[in-house]
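The structure appears below as structure tokens.
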Amino acid sequence: MKRPGLAFSGFGKAFEVLAFGLALGVSLLAQTTEAEARSKYACSTLSGGTLPVIEGDNGTFFRPDPDLIVDARFPLPIIEQIALVSDALENRGSQLVVVPLPSKGMVLAEELSAQAQTFGFDGVLAETLYDDTIRRLEGSGVAAVNALDALRGWEDELPMFRSDARLTNEGIRLLADAVATRLGSAAQPGRFSATMADMVEVPSLQHQQTQAKCSLTIPAPTTTSYNTISLTASTQGAEVVLAGSGMMAGEGLMARALFATAIGHDVRHIVAKDAPLDALIAAVASTEFQIRAPDIVVWAMPVTDDLGAFGTRPWREIKGLAQRSCRAIEAGRVTRAESTIDVDLSDIALRSDLALLLTLDEVSAAEARFEFGDDTDALQRRTIKRFGLAEGTERFLMPLDLWSGEDISVARISVNAGLGEVPSVAICGI
Amino acid sequence: MRRTVTSLVSAFTLFTGAVAPAFAERLELEFLPPDFPPTDICRAPAEQVDADETRVGEGGGDEQTDEDIKAWVSYLKRDIRALTRLDANGHLGFIEDLIDLRTEIDPAFESADAAFARIGLYIDAGRIEEIKEEGVIEGLVRMSDDLSQSERVQLGQYFMTGTGVERDALRGEQMLAAEAFKGNANALLAILRLQLSGAELEEWFETPERTAVLAFGGKLGQLNRGLCGRAEFIAEAYLDGDLLKPNAELALAWRKFAADQGGQRAAWRVVEHMLNADVSAYSDDSIIHYLQLAVDDTYAVDANDIDALRDVGATRADRIADVLSRMHGHSNGRTARPAMPFFELDITLDEGLEDTGPHLTYLETITEFNNVPGLIWTRLADEILLRSGRWKGEEKAVEALEKAVEAGDPAAFVKLARMKLRDGHRDGASSMAEQLLLDAVDLHGHAPALVALDGYHRCVGVGTPSSRESKHWSASVKASAARPLSIDVQDYENFSATIAPEVAGLLQSRALRGSTTDTPSFLRRLENDPSVSDEALRYWSQRVSFSKKAIENYAVDAYEVAADPSEAAVAVDFARRVYLANGPSMALDLAVILVEYAGRSPEIADEVRQLLTNAASRGEGAAIRLLHRLSGADDDSIYQQYADVIDQRGDFLALMFAMPFVDDVTFEDYANRAVAEMRCGTKDVAEMADAFAHRGDAERALHWLRVGLSIEGGHSMSRMRIALQKMDMFDTPQLAMVDRTSLGGSLADIQVAYHRVSFLGSDSFNRSAAARILTEALASDDEAVRRWAYGAFNAAEAGIAREMRDMVNIEDVLSSAARSGLSEAQHAYAIHLRAKAQNFEQLANANAWLETAAEAGHGQAMVDLAYGYAHGVGVARDPKLALIWLRRAEAQAVPGAQDLARLVLAMMDAG
């Protein structure tokens, strides 16, 4: 045994130990006070652990990052990019509605404890920045929904779970109503009906992990479920795509049904967990979009996300895919091998407003590599990687202005999955 | 137990019917330490270690010393924690290997401990169901006799919460109560926590007060070597506010008790407390008493273990005492509420220059495991570079970084790119560097790589300066979370309201996400917010002290913003503490602070020389240059003295210092190294131009001058350098230039001279000369010169302004000029008054001058005035009036006016 006699061995030793402390002259005066609450659920090592959270009021738990992030604001260049995407979609007949999702600290501000201030959280400042973002989006011609105002309209059920970072069905319903209001006549509420059914418990890893640090049972992530029915036999209606992060997704959450009910049209829900930009890319890169652009694209993303971390390339890709202003490259310039496609670019005047579009044939991939080079060497590689999507995408669009000016005559394209039977490459304006 | 939990299942443990507890309180417990004569019990020989001590035990094999084992255990704890936070599920196997390694080397960490560590890991990895499926917790119950007290308590809590086992709250409570009846202090504390949460317990009938008495009395335990660690636990309980109402005095009492029993860390905490208090609060004898307890001839305080202290030898202990002996007696109260008293810093004087060490050995060992995470490879590369030197160790470091890149550590892409640049354009090294940065962006969305790409195309890439690419990446940076956030430390003084909301929001967010530059800035902001709690200052002080770089930034800023000699003295003391904590990496900063603070004192001069020698031996060029100036020796002899150091580990400035003395081949090599090390800013670019100019290579000198001009906005520094080059062909002695300007000259001449010596951080920086030029300009007969000087004074670095105040009565000068009707002077005077205002009336006076300047058409005065109206600073809050002024400023395209107007509108809408 490496640890002989580690444990105390019974009452005798215990009181011997205590007696030592008291015999030393320890002075004790204990009284309970009405000092501020620390943990109502006997939680310990919450904020200092490997998955830090802080306990608010009534069993509401907040992660410092991102729930207490104050920077609830898109920088101006991102707003400009969103405006460009909105214009591109509008040219295809799609109306973009942007829904920046406020942080949990902002939405459930009344449930925050004083400990939130320790982390520097300032709800008034965050709200000022958030409102400014909405104003700037609208000022740039982008239809934007103030989700913070919408979520504050809750009545019987909180819009976000107490022990999970996602929206409840009530929160989703409130957002859907706000989007419908913003759409105005484009929405046709009344074509579907959603009636409240039972409360359901949503599987939640965050809840489990927090519970593991608390001796008393913390509130379970429960939400109202709904029964939805179509009130009309007509299948005519607008097409709506709802693209976003995982904040509205998961077993028990009914984003698709609740948005359909509020807007009055069928909804296709695309989720890219933790990567809302990729959800929008998946929407515009889909074959459905390329054949017929949906009438409405609702894009919801946490306002605290860094939408510029991948540079401007993803934004240019969205714009290019939305514009769909492409022409096929002649067959003679495209050489197909088993896992690669070589494109002869020697006679193409490469400009910053051009891009290469790879379209896979009835398969999807999560990653595409574009290696640009001259006759002998690959000079530079750019990679498009999809995050958080279940299946990747069928299309990848790479702008042609991002290398250092060498003479580029060949592009070799490969993907992490199969190319399909007849993949194609086109050159597009962006 | 190895791989106890293996199967892959995704399911969830569900609880229903949450019970909202009725209340939760913290106990006000006045629990004083015993009046017990001082002993050295906490320094008892290891043989007397008691069973309940939480420390690394004896033994540990033939190859490693106890010291190494302790160090390894601390590294293992750090890496297990870091990797769990990063991606517990993705790195599960590797983390389990680390847990196994700890089991092998740490005698106090047994298989049961490893099982609990694994349970925690699986919880964090989201694989809780697997714990249940494997029956791990029931298995641990069966071997409960072999478990520690805290582990048995943990088991009870698993049953109470249903974590990894069917929930059985009563069984859990019974397990806790059984342990509590045995006197298990951890169980008693768990029960106390439940009681304070309002839980009604079926198995425990004592009151919370009685439970607390039993818990803390039991915690104190027996008179043995672990006593001081347990006393420290009680002290912490009085500070962290988890169970007890915070009481700093009782915490201090427990630390004094521990110190008197031989606890050296506790003694150091007491010394820190006394040093942070007002000068009259504690006698010198009292401080020296605890200082002697903290530092004796065999031990210094160690950061990693409360009880076991590291032997650092008599020489170092003497140095600690020597440094500390100069720390006391300066403080005379302060006007702000600095966070310095909340820092808890240790003493570590690890030189870090040996070729090997336990950290390196540890990293080399764990990189032999399977599926090594990129983060670990990057740590290995960093350690190699630290130990061997950035040039001597580069080959091995590159190998490690290549593995890190392969394993997907985003930071490694940027580090490796920088190292590739060291080969210049040979063999496509520059293109490889660019490819790495592109991959970091494309594959990982790593925003710092955007910044690196921006710098690459502006300064070092093929075809630089390339406006097209640099414009592209510069725009990308501005769209990302890595966008520039420029805050002058002076912004925090007096009026936190002057920080724009978008800057304040971004600052908090970056601090929360661990930025080493923004976390100390955020702490400084909190210091100037009277509503901020002690808890917040304590929390952010800890966050700052997590990073050597962050705490050094904070210490330098603290001195920079010191408003009077008393605050400067406190800041100097703090900088010394940081030096003791961080070691040589702080030496240069401390030396610079000491030179400014009391450079004329012979005693300080010796200390500065010692600090600079220390920093110079690590290849820090700024220290080598300062030593050169201080010693008065010719530069060649200084170079000869440090030639080997520079060759093995010289930083950018060290290489620049060396370049005039090396042969052509080495010059080219050093130039490439310098490119890899440089920051793409005007300062380093100008250094490069000078180096080539000195070598007589006009073509490359002009190339670097063009690069400087291409830096966004065509920075004034570069433009002036061009002007200088025309005048003097690269060979204008700095002081002669200053003297010539002082004798009279055009505004352009004065501006050139001033900018050369006022550019903080540049080699030509000369605070006294800058102060002299500006003071003379303020008194110039030429109105154009005076107008420029008022604006320059407003923007002057704090030290320059301080020196000017020593030369002339600034207030009189500004007041007189303001009354003469110059709007620049009125604005400068208003800003001066606002900075020193202590009450509303003084603020109002400052605002009146701002209004006068604004009325006269001064654009920046309009914006500053609008700030006042927007936030009610010195005037009644009036957002509409703020908007009117901002519209006028916008018409003049005054920077910041438009953004502020938008935010004022938003604030108005928000009510």
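Owing to the predicted nature of the structure, the values given are computational and were not obtained by experimental measurement. Convention: sequence-line order gives letters A, B, ...; per-chain numbering from 1.
Put simply, the side chain of B:D439 reaches to within 4.5 Å of the side chain of A:R381, judged on heavy atoms. Between B:V441 and A:R313 there is no side-chain heavy-atom pair separated by less than 4.5 Å. Considering only heavy atoms from C-beta on, A:D71 stays 4.5 Å or farther from B:R510 through its side chain. Side-chain contact between A:P52 and B:R85 is present, with heavy atoms from C-beta onward closer than 4.5 Å.
Using a 4.5 Å cut-off between heavy atoms, B:R81 contacts chain A through both its backbone and its side chain. Contact of B:L443 with chain A is made through backbone and side chain together, with heavy-atom distances under 4.5 Å. When heavy atoms are compared at a cutoff of 4.5 Å, A:F387 approaches chain B solely by way of its side chain, counted from C-beta outward. Interface remark: B:I123 contributes backbone and side-chain atoms alike to the contact with chain A (heavy atom separation under 4.5 Å).
The two residues B:T161 and A:S215 come nearest to each other via the heavy atoms CG2-CA, 3.6 Å. Minimum interatomic distance between B:R513 and A:P66 (heavy atoms only, all atoms of both residues): NH2-CB, 4.3 Å. Taking each heavy atom of A:Q209 and B:A125 in turn, the nearest pair found is NE2-N, 4.3 Å. When all heavy atoms of A:L125 and B:G505 are compared, the pair lying nearest together is CD2-N, 4.0 Å. B:S480 and A:G308 get closest at one heavy-atom pair: CB-O, 3.5 Å. Considering all non-hydrogen atoms of both residues, A:F119 and B:Y539 come closest at CE2-OH, 3.1 Å.
Electrostatic pairing of A:K385 and B:D442 does not count as a salt bridge here, judged by no charged N lying under 4.0 Å from a carboxylate O.
Atom CD of residue B:E129 and atom CD of residue A:Q208 lie 7.5 Å apart, to the nearest 0.5 angstrom. In this structure, B:R193 CZ and A:L216 CG are separated by 11.0 Å, a value rounded to the nearest 0.5 Å. Here the CZ-CG distance, from B:R127 to A:L205, works out to 11.5 Å after rounding to the nearest 0.5 Å. Between atom NZ of residue B:K478 and atom OG1 of residue A:T312 there is a gap of 13.0 Å, rounded to the nearest 0.5 Å.
Among A:P314, A:A126, A:G139, A:P77, the residue with the largest count of heavy-atom pairs under 4.5 Å with chain B is A:P77. Chosen from B:A536, B:S476, B:A479, B:A475, the residue pairing most often with chain A at heavy-atom distances under 4.5 Å is B:A479. Put simply, of A:P221, A:P64, A:G59, the one with the most heavy-atom pairs under 4.5 Å next to chain B is A:P64. Taking A:L307, A:T118, A:I134 one by one and counting their heavy-atom pairs under 4.5 Å with chain B, the maximum is reached by A:T118. Taking chain B as the reference chain and counting heavy-atom pairs below 4.5 Å, the highest number among A:D65, A:L68, A:I78 is found for A:D65. By number of non-hydrogen pairs under 4.5 angstrom with chain A, the leading residue of B:Q508, B:M160, B:E179, B:H444 is B:Q508.
A:Q117 CD: 12 or fewer foreign heavy atoms inside a 6.0 Å radius.
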